[in-house]
J.: 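Next up is a structure, given as structure tokens.
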Amino acid sequence: MAERITPRAENYSQWYIDTILQSKLADYSPVKGCMVIRPRGYALWEKMKAGLDGLFKETGHQNAYFPMLIPESFLKKEAEHVKGFSPELAVVTHAGGEKLEEPLILRPTSETIIWSMYKKWIQSYRDLPLLINQWANVIRWEKRTRLFLRTTEFLWQEGHTAHATEEEAQEETIKMLMVYKKFAEEYMALPVIAGIKSESEKFAGAVQTYAIEGLMQDKRALQAGTSHNLGQNFAKAFDVTFQTKEGTLDHVWATSWGVSARLVGALIMTHSDDRGLVLPPVLAPIQVMIVPIFKNENKAQVVGYARKLYERLKTQVSVEIDEDDQNSPGWKFAEAELHGIPIRVEVGPKDMEKNQAMLVRRDTYEKIPVANPEVETRVKQLLEEIQNNLYHRALAFRKENTHQAEDYQSFKKLIEEQGGFIESGWCGNADCEAKIKKETKATIRVLPMGRNGAGNRTCILCGEKAKELAVFAKAY
RNA sequence: CGGGAUGUAGCCUAGCGGUUAGGGCGCCUGCUUUGGGAGCAGGAGAUCGGAGGUUCAAGUCCUCUCAUCCCGACCA
């Protein structure tokens, strides 16, 4: 037996850590709060990156790279921005054996350095829109860290766009939010609620922040991506103006949007179980593992049979074959499950006799005998079914764990006893929001879009007529 | 930054002041095995997190220190 993964029911946090360490996605680093992403974890991130990058390119964005070191004075140019980030900055004060004249910040995000450059690059409406994305690492000095979900250094993507009009910037903000929603749902099989963040949860320096929120298996919410309409805040702070068609001078309108390797954590917490990872086929680095089951006397035949299958499958899916003759089949099954490989193909003497293969689903553990000639077709079908099933399973879970509360008593009871998302009316007052947070630890995750607003609801706390429909939850 | 816990081989762990720090997993060698985490035999691997102290004697007691994890306040 390999080391035991703590069951979810016993201790969800420990399960999460055990799963990551044992499946070799990541390991702790020598520096507190940092993590090493191991090849299996990085392969997963690379798949996500490739998917997102494709969606960004489709929507007209280009990649670029801006440096990690930012002059301290840049951060200070936008008042809200510096206020929001100063508690978590890492600062370089010495370099080359000397004290620096001006300290350098290790970027917590790149708005300031990017806008200092946009000032040079934008003169006319003909230079707009400017649609740039960068894949980078950032540093935020967090008090409390968790593998993938919150680490001192993390990998992410940040898009920074500049537009001629307010409407166009708003359109971009929503467009990218929807790209994130599509990615979460179609690639990660993670249903998310898209909506607007309240003032208190807004990005430091934004006019408005939008987010997608998912619900994890422990019924806590996780913010999976954000998209900000920055208005003219950064353009004004860095004095980025352009000449309009009419010849007037105007500040440009901006957006920024990002998702991080936290998505790996979201993926784990959405689908995985007590035997290890469960990965959606679209993002699984290895989709199929073939396990030949042989004895010494029939090894050549069985492995030969398995290899033919492998050759056929590898032109269509990502497949590996485990021919090791030291580990038992049982060991290999457990290993494939730990790593979240969506389909395991078992082939042994019994299958050879019947000219078939045994397909085993990671999501349901169902064993399906399939006639040899139909294996490729069935594997591809099954990968789609698994992807689909994971999404619908997660969606059903979210539905079961989304509740309505009409009064504060039942709201508190729901938060305490049920968890999950709770939909309630909110008057829009930050004091009510803060008080609810203090008393229940639940925060407004989003004001969901595409719903009919507050309707006849009243504020869950003060009882005034509600201005908004709010989704509350305890969050990561 | 507060509260709690833990540091003994790559990992888990025994030790409860007294010889040469014991075991399991993993690793290496050989043989045998293989339809749900195989068996036998042999082998390598530890300045007991670090510093100081108490003692005839410290993995064990004391002080300090460092690190990590868990729980809370702040956050992608």
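In what follows, chains are A, B, ... by sequence order, proteins preceding strands, each numbered from 1.
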J.: With rounding to whole Å, what would you report as the distance between B/C66 and B/G30 at their C1' atoms?
T.: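 Per the computed distance, 45 Å lies between those C1' atoms.
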J.: Side-chain atoms of residues 429-436 of chain A: list all donor-acceptor pairs with protein atoms under 3.5 Å, sequence neighbours left out, distances to 0.1 Å.
T.:
unit_1 : atom_1 : unit_2 : atom_2 : d
A/N429 : OD1    : A/D431 : N      : 2.8
A/E433 : OE1    : A/S200 : OG     : 3.4
A/E433 : OE2    : A/S198 : OG     : 2.5
A/E433 : OE2    : A/S200 : OG     : 2.9

J.: List in chain and number order the residues that pass side chain to side chain contact (heavy atoms under 4.5 Å, CB included) with A/V36, two or more places apart in sequence or in another chain; answer none if no residue qualifies.
T.: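 Expected list: A/S29.
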J.: Describe, in one word, how the ring planes of A/F234 and A/F238 are oriented to each other, choosing from parallel (under 30°), tilted (30 to 60°) and perpendicular (over 60°).
T.: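 Because their plane-to-plane angle is under 30°, the rings of A/F234 and A/F238 count as parallel.
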J.: Where the side chain of A/K437 is concerned, which of B/G37, B/C74, B/G35 is the nearest nucleotide?
T.: B/C74
J.: Would you kindly give the CZ-to-C1' distance between A/R344 and B/G37, to the nearest whole Å?
T.: 12 Å
J.: Please work out which of the three classes, parallel, tilted or perpendicular, describes the rings of A/W115 and A/Y118, given edges at 30° and 60°.
T.: perpendicular
J.: Give one of base, sugar-phosphate or nothing for A/G348, where a contact means two heavy atoms less than 4.0 Å apart.
T.: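 The answer is base, as A/G348 lies within the cut-off (heavy atoms under 4.0 Å) of a base atom.
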J.: Each nucleotide N or O in nucleotides 2-7 of chain B that has a protein N or O under 3.5 Å away: list the pair and distance.
T.:
none

J.: With P as the reference atom in both, quote the distance from B/G18 to B/C74 in angstrom, rounded to an integer.
T.: 49 Å
J.: May I have all residue pairs that pass salt bridge (Lys or Arg N to Asp or Glu O under 4.0 Å) and include part of residues 39-53 of chain A, sequence neighbours excluded?
T.: A/D53-A/K57
J.: Rounded to whole Å, please give me the gap between OH in A/Y180 and C1' in B/A76.
T.: 11 Å
J.: Give A/P87 one of three labels, base, sugar-phosphate or nothing, depending on what nucleic acid heavy atoms sit under 4.0 Å from its own.
T.: nothing
J.: For the side chain of A/E142, counting heavy atoms from C-beta on, which of B/A76, B/G36, B/G35 is nearest?
T.: B/A76
J.: Over how many whole Å does the gap from A/F333 atom CZ to B/G37 atom P extend?
T.: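 My rounded result for the distance is 9 Å.
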J.: Mind checking side chain to side chain contact (heavy atoms under 4.5 Å, CB included) for A/L104 and listing every partner two or more places apart, or none if nothing turns up?
T.: A/L69, A/V92, A/L100
J.: Send over the distance from A/M48 CE to B/A76 C1', rounded to a whole Å.
T.: 14 Å
J.: Can you tell me, in whole Å, how much space there is between the C1' of B/C11 and that of B/G52?
T.: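 Pairwise C1' distance, B/C11 against B/G52, rounds to 31 Å.
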J.: Can you list everything that forms a side chain to side chain contact (heavy atoms under 4.5 Å, CB included) with A/A336? Sequence neighbours excluded, please.
T.: A/M289, A/I341, A/R344
J.: If you look at every strand shown and take non-hydrogen atoms under 4.0 Å, does A/E153 touch a base, only sugar-phosphate, or nothing?
T.: nothing
J.: Who passes side chain to side chain contact (heavy atoms under 4.5 Å, CB included) against A/Q418, sequence neighbours left out?
T.: A/H403, A/L414
J.: Please tabulate the protein-to-nucleotide N/O contacts below 3.5 Å involving nucleotides 65-72 of chain B, giving atom names and distances.
T.:
unit_1 : atom_1 : unit_2 : atom_2 : d
B/U68  : OP1    : A/K32  : N      : 2.9
B/C71  : OP1    : A/S13  : OG     : 2.9
B/C71  : OP2    : A/R144 : NH2    : 2.3
B/G72  : OP2    : A/R144 : NH1    : 3.3

J.: Consider the side chain of A/P329, meaning its heavy atoms from C-beta on, and name the nucleotide among B/U33, B/A76, B/U34 that approaches it most closely.
T.: B/U34
J.: Suppose we define a pair by two distances each less than 3.5 Å, Watson-Crick or G-U wobble; what does B/G37 pair with here?
T.: none
J.: Calculate the interatomic distance between A/F203 atom CZ and B/C74 atom C1'; express it in whole Å.
T.: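 Rounded to whole Å, this separation is 17 Å.
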J.: Between B/U63 and B/C71, how far apart are the two C1' atoms, rounded to whole Å?
T.: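 That atom pair is separated by 28 Å.
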J.: Can you tell me the distance, in whole Å, between the CD atom of A/Q326 and the C1' atom of B/C28?
T.: 12 Å
J.: Please give the nucleotide sitting opposite B/C64 as a Watson-Crick or G-U wobble pair, both distances under 3.5 Å, or none.
T.: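 With both distances under 3.5 Å, B/C64 matches B/G50.
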J.: Considering only heavy atoms and no angle criterion, is a donor-acceptor pair shorter than 3.5 Å present between the side chain of A/N327 and the base of B/G37?
T.: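 Donor-acceptor pair under 3.5 Å: no.
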J.: Do we get A/R107 above A/F66's six-membered ring, with its NZ or CZ under 6.0 Å from the centre and within 45° of the axis?
T.: no
J.: For a quick check of understanding: with a heavy-atom distance under 4.0 Å over all strands, which category does A/Q223 fall into, base, sugar-phosphate or nothing?
T.: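 Sugar-phosphate: the residue A/Q223, judged by heavy atoms under 4.0 Å, touches backbone atoms but no base.
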J.: Nearest nucleotide by nearest heavy atom, which residue falls closer to the 5' end of RNA chain B, A/D324 or A/A334?
T.: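 Looking at the nearest nucleotide for each, A/D324 comes out on the 5' side.
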J.: So, is A/S328 near the phosphate of B/U34, with a side-chain N or O under 4.0 Å from OP1 or OP2?
T.: no
J.: Who are the ring-ring contact (aromatic ring centres under 6.0 Å, His included) partners of A/H339, not counting sequence neighbours?
T.: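 Here no residue qualifies.
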J.: Name all residues meeting the side-chain hydrogen bond (donor to acceptor under 3.5 Å, both in side chains) criterion together with A/Y16; count only those two or more places apart in sequence or in a different chain, and write none if there are none.
T.: none
J.: Which value, in whole Å, describes the distance between the C1' atoms of nucleotides B/U60 and B/G15?
T.: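 About 8 Å, rounded to a whole number of Å.
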J.: Once ring-ring contact (aromatic ring centres under 6.0 Å, His included) is applied, do any residues pair with A/W257, and if so which ones, sequence neighbours excluded?
T.: A/F56, A/H61
J.: Using the P atom on both, measure B/A67 against B/C28 and round to a whole Å.
T.: 35 Å
J.: Between B/C12 and B/U47, how far apart are the two P atoms, rounded to whole Å?
T.: 16 Å
J.: For the side-chain contact (heavy atoms from CB on, under 4.5 Å) test, which of A/H160, A/M176, A/H163 pairs with A/L131?
T.: A/H163
J.: NZ of A/K24 versus C1' of B/C11: gap in Å, rounded?
T.: 11 Å
J.: Return the residues of residues 281-304 of chain A meeting this criterion: a heavy atom under 4.0 Å from some atom of RNA chain B. Order them by number, or give none.
T.: A/I293, A/F294, A/K295, A/N296
J.: Donor-acceptor pair under 3.5 Å: do we get one between A/E346's side chain and the base of B/G36?
T.: no
J.: Could you measure between the two C1' atoms, the one in B/U54 and the one in B/G17, and give it in whole Å?
T.: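 Going atom to atom, C1' in each nucleotide, I get 12 Å.
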J.: Could you tell me the separation between the NZ atom of A/K202 and the P atom of B/A76, rounded to a whole number of Å?
T.: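 Distance, rounded to whole Å: 13 Å.
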J.: Looking just at side-chain N and O atoms, do A/N229 and A/Q170 make a donor-acceptor pair shorter than 3.5 Å?
T.: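 There is such a pair (donor and acceptor under 3.5 Å, judged by atom type) between the side chains of A/N229 and A/Q170.
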J.: Counting only side-chain heavy atoms from C-beta out, which of B/G35, B/G37, B/U34 sits nearest to A/P349?
T.: B/G35
J.: Going by centres under 5.5 angstrom and planes under 30 degrees, do the aromatic ring of A/W331 and the base ring of B/A38 stack?
T.: no
